[in-house]
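Atoms within a ligand are numbered from 1 in the order they appear, just like the ligands themselves. These numbers come from a predicted model, not from an experiment.
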Amino acid sequence: MCGIVGYVGHRQAADVIVDGLTRLEYRGYDSAGVVISPRGEAASKLDVVKRAGKLSVLKDALVTSPLQGTLGLGHTRWATHGKPNDVNAHPHLSEDYKLGIIHNGIIENYLELKQELLAKGHVFLSETDTEVMVHLIEEHYRGDIVEAVRNALKQVTGAYALVVSHADHDVIVAARATSPMVLGLGDNENFVASDVPALLPYTREVIFLHDGDMALITQEKITLTDFDGNAIEREVSTIDWDAEAAEKAGFPHYMLKEIYEQPTVLQNTFGGRFVGNGTDVQLDLKLDPMRVNRVVITACGTAYYSGMVGEYLIERMARLPVEVEVASEFRYRQPVLDANTLCIVVSQSGETIDTLEALREAKRQGAKTLAILNVKGSSISREVDDSLYIHAGPEIGVASTKAYMAMVAAFELLAVWLGRARGTLPDSEAAEIIKALRATPHMVEDAIKERHHIAEIAEAFKGFSDYLFLGRGINFPTALEGALKLKEISYIHAEAYATGEMKHGPIALIDDQMPVVCVATASELYEKTVSNIQEVKARDGIVIALANPEDEQIKAHADYVIKVPQTHELVSPVINVVAMQLLAYETAHRLGLDVDQPRNLAKSVTVE
Ligand code: M6R
């Protein structure tokens with residue numbers, strides 16, 4: 001999940017690379033480096049600068065030691081093998097400074113390869129798996145760098161995106177096995193990157209590499225082959241994202257900008273999908289709902305919580321049995337699937353390795369597969385039978401906000417679509433839910449207006465070290481998502497429970513040192529929720545309730561009330577999550593923490 005940028009053309013490569021890495025910094029940010037080639041001058045060497053720390057440290061180093069040249073590679077790292085320091089930072093170079101390598105992913109058999117290479121006299125400097133590739137390619141090099149990379153890759157197992165340059169060759173060699181990589185086609189210049197945003201200021205014409213693709217990139221052209229050297233062709237796509245969309249638009253943090261974008265995101269997710277006088281949903285899917293008798297949803301982190309909301313929605317509206325499981329567990333427990341099972345994977349990036357592998361397991365077992373995705377052209381989109389895009393636009397903040405809301409909205413659409421097709425959702429109920437969905441953009445705007453009040457609550461409790469989140473029914477996942485958001489960006493310990501579970505254990509924790517955030521919006525179980533809140537109050541607990549503006553009763557039981565617009569219970573998770581996002585944001589901001597790049601995390605987790 002590190003960032004890669006490679007350039008060959010007429011500009012100073014270091015400038016293009018650092019600019020691109022800045023746009024990818026959210027992918028990983030514990031060290032960074034650049035290698036520049038003097039482009040084929042005899043007996044020349046590569047120049048390198050790499051530093052532990054954020055990209056700003058590398059930028060400072062490049063001011064003191066500028067790198068000149070028009071072919072180069074750059075990297076921001078999120079450490080897997082070896083701690084973040086200057087030596088382990090990429091690029092990795094051969095001893096003679098001829099060969100430079102950058103790599104995302106994991107070389108799974110690196111220890112075995114390392115032993116063989118050590119026995120042959122290679123000297124290793126770093127603790128990384130990547131350095132094995134330097135020595136392996138050197139071992140195969142007989143004057144043809146492309147041939148050397150190809151032969152080295154035949155010995156390697158794992159998931160990787162690899163870019164290679166050699167001082168004696170005017171080419172960048174790129175290879176992909178699982179980890180994402182995209183090529184940018186310019187005018188008398190060409191690019192390679194791990195993600196599209198790095199390319200947007202320079203070109204919108206891109207080629208997404210597939211697994212097993214190699215690209216030979218020169219200033220004039222790009223040649224594609226498989227790992228055996230056979231020529232292949234890939235479609236050129238035109239990216240229609242606005243480059244501005246990836247900027248902060250005046251907000252202090254991407255996360256806050258993305259929270260405020262949510263009303264528009266909902267409009268985009270719903271766009272053109274409501275039909276038939278507001279009683280039906282149209283989705284461009286190949287799936288036949290009548291050939292499904294069971295649904296399995298799998299995803300990671302926030303996407304997984306959206307899947308938990310999906311479980312409630314699909315069971316209620318389509319009357320299909322649904323199971324939800326974290327993708328990192330899914331494929332290792334030999335799940336039982338068949339041709340009538342619909343396996344739904346959910347992923348903002350479409351690159352999360354656990355989710356991708358869960359999809360592959362479902363396909364191996366012959367299940368039908370559907371992905372709820374944000375990024376087009378991602379690895380999951382290329383392997384899945386059907387994709388339902390959420391159209392949330394690029395999400396930069398590591399803590400997912402708008403993608404979560406759009407995923408939940410996509411599950412609402414899918415559940416209505418399945419329910420209508422299967423005859424389990426009557427006209428009147430469908431119309432009621434669609435009406436409520438149509439109103440969500442305005443309601444989310446209103447929910448955001450509570451930010452000021454939420455900021456006061458965040459200020460009051462920013463020094464506390466534990467939080468408890470409670471929610472039940474379709475808002476139990478809202479509580480889970482609230483706890484995850486707070487943990488991720490404020491580093492405050494937070495746990496979430498289904499409200500009714502509290503008395504089976506967590507109630508022992510209640511005291512005046514642990515705020516309890518409880519979803520108490522209108523629902524079938526509202527009265528029971530109020531009783532649970534009273535149980536907390538009876539033990540000197542501090543209650544922060546999410547409640548509807550018309551609810552007068554709640555004020556008597558809660559210390560703080562965050563007002564949340566009232567909607568159909570099945571639609572309420574779309575609205576209720578806003579307060580959770582803002583509480584986490586305002587707390588982390590007040591603690592002076594790096595909201596967009598929280599410690600130890602990366603936006604897209606492409607290693608297991
Ligand atoms: O790109 P994905 O949706 O597959 O990512 C899944 C999780 O890694 C992601 O949601 C993660 O939990 C976020 N940091 C949550 O804010």
Side-chain angles (χ1 to χ4, degrees), residues 1 24 26-29 78 178-180 194-197 253-256 258-259 262 265 297-310 324-330 344-360 371-381 383-384 387-411 469 477-478 480-491 494 496 577-578 580-585 588 593-608:
M1 57 193 126
L24 298 187
Y26 59 90
R27 284 187 67 100
Y29 33 79
W78 185 84
T178 303
S179 299
S194 48
D195 301 68
V196 169
H253 299 99
Y254 284 111
M255 181 181 176
L256 191 62
E258 288 160 4
I259 291 172
Q262 292 178 123
V265 167
I297 302 172
T298 183
C300 298
T302 282
Y304 166 71
Y305 296 143
S306 81
M308 288 179 71
V309 179
V324 198
E325 177 148 9
V326 284
S328 52
E329 287 297 311
F330 182 74
I344 305 177
V345 296
V346 194
S347 176
Q348 187 284 130
S349 61
E351 302 294 350
T352 301
I353 190 76
D354 291 317
T355 312
L356 178 60
E357 291 296 350
L359 168 67
R360 288 176 176 163
I372 294 183
L373 291 176
N374 192 29
V375 179
K376 287 192 180 163
S378 58
S379 302
I380 289 178
S381 75
E383 297 190 25
V384 74
S387 294
L388 174 53
Y389 287 101
I390 60 174
H391 303 306
E395 190 179 62
I396 308 292
V398 166
S400 182
T401 51
K402 63 176 182 172
Y404 173 79
M405 186 178 285
M407 285 166 185
V408 173
F411 270 114
F469 287 76
T478 309
L480 287 160
E481 174 62 3
L484 179 64
K485 286 287 92 85
L486 192 72
K487 277 186 273 214
E488 276 190 297
I489 61 169
S490 74
Y491 317 145
V577 75
V578 174
M580 301 297 191
Q581 297 167 342
L582 287 170
L583 181 63
Y585 173 80
L593 297 169
D594 191 341
V595 171
D596 285 329
Q597 296 182 347
R599 71 183 182 203
N600 303 339
L601 290 175
K603 182 66 184 161
S604 175
V605 184
T606 53
V607 291
E608 269 199 76

With respect to Gly350, determine whether any N or O atom, backbone or side chain, lies less than 3.5 Å from an N or O atom of ligand 1. no
Ala303 neighbourhood, listing ligand 1 atoms whose heavy-atom distance to it stays under 4.0 Å: 3 (O), 10 (O)
With respect to atom 2 (P) of ligand 1, which of Ile380, Ile489, Ile353, Thr352 exhibits the smallest heavy-atom separation? Thr352
Of the listed options Ser349, Ser328, Ser306, Gly301, closest to atom 1 (O) of ligand 1 (non-hydrogen atoms): Ser349
Could you list the atoms of ligand 1 found under 4.0 angstrom from a heavy atom of Lys485? 15 (C), 16 (O)
Which of the numbered atoms in ligand 1 are under 4.0 angstrom from any heavy atom belonging to Thr302? 10 (O), 12 (O), 15 (C), 16 (O)
Heavy atom of the protein closest to atom 13 (C) of ligand 1 (residue, atom name, distance): Glu488 OE2, 3.4 Å
For Arg360, is there an ion pair with Glu383 - N to carboxylate O distance below 4.0 angstrom? yes
Show the atoms of ligand 1 that are less than 4.0 angstrom away from any heavy atom in Gln348. 1 (O), 2 (P), 3 (O), 4 (O)
Hey, does Lys485 have a side-chain heavy atom less than 4.5 Å from the side chain of Thr302? yes
Tyr585 and Thr401, any side-chain heavy atoms less than 4.5 Å apart: no
Any side-chain heavy atom of Val326 within less than 4.5 Å of one from Thr298? no
So Gln348 and Ser400, side chain to side chain donor-acceptor pair (under 3.5 Å) or not? Walk me through it. CA-CA 8 Å; Gln348 187 284 130; Ser400 182; over 6 Å; no
Does ligand 1 have any atom that is closer than 4.0 Å to a heavy atom of Glu351? no
Between CG of Leu480 and CZ of Phe469, what distance do you get to the nearest 0.5 Å? 10.5 Å
Sub-4.5 Å side-chain heavy-atom contact between Val408 and Val577: no
If the cut-off is 4.0 Å to any non-hydrogen atom of Ala399, which atoms of ligand 1 fall inside it? 16 (O)
Is Leu601 in contact with ligand 1, taking contact as a heavy-atom separation below 4.0 Å? no
Quick one: are Leu593 and Tyr491 in side-chain contact, heavy atoms under 4.5 Å? yes
Only heavy atoms of Val398, strictly under 4.0 Å: list the atoms of ligand 1 that pass. 13 (C), 14 (N), 16 (O)
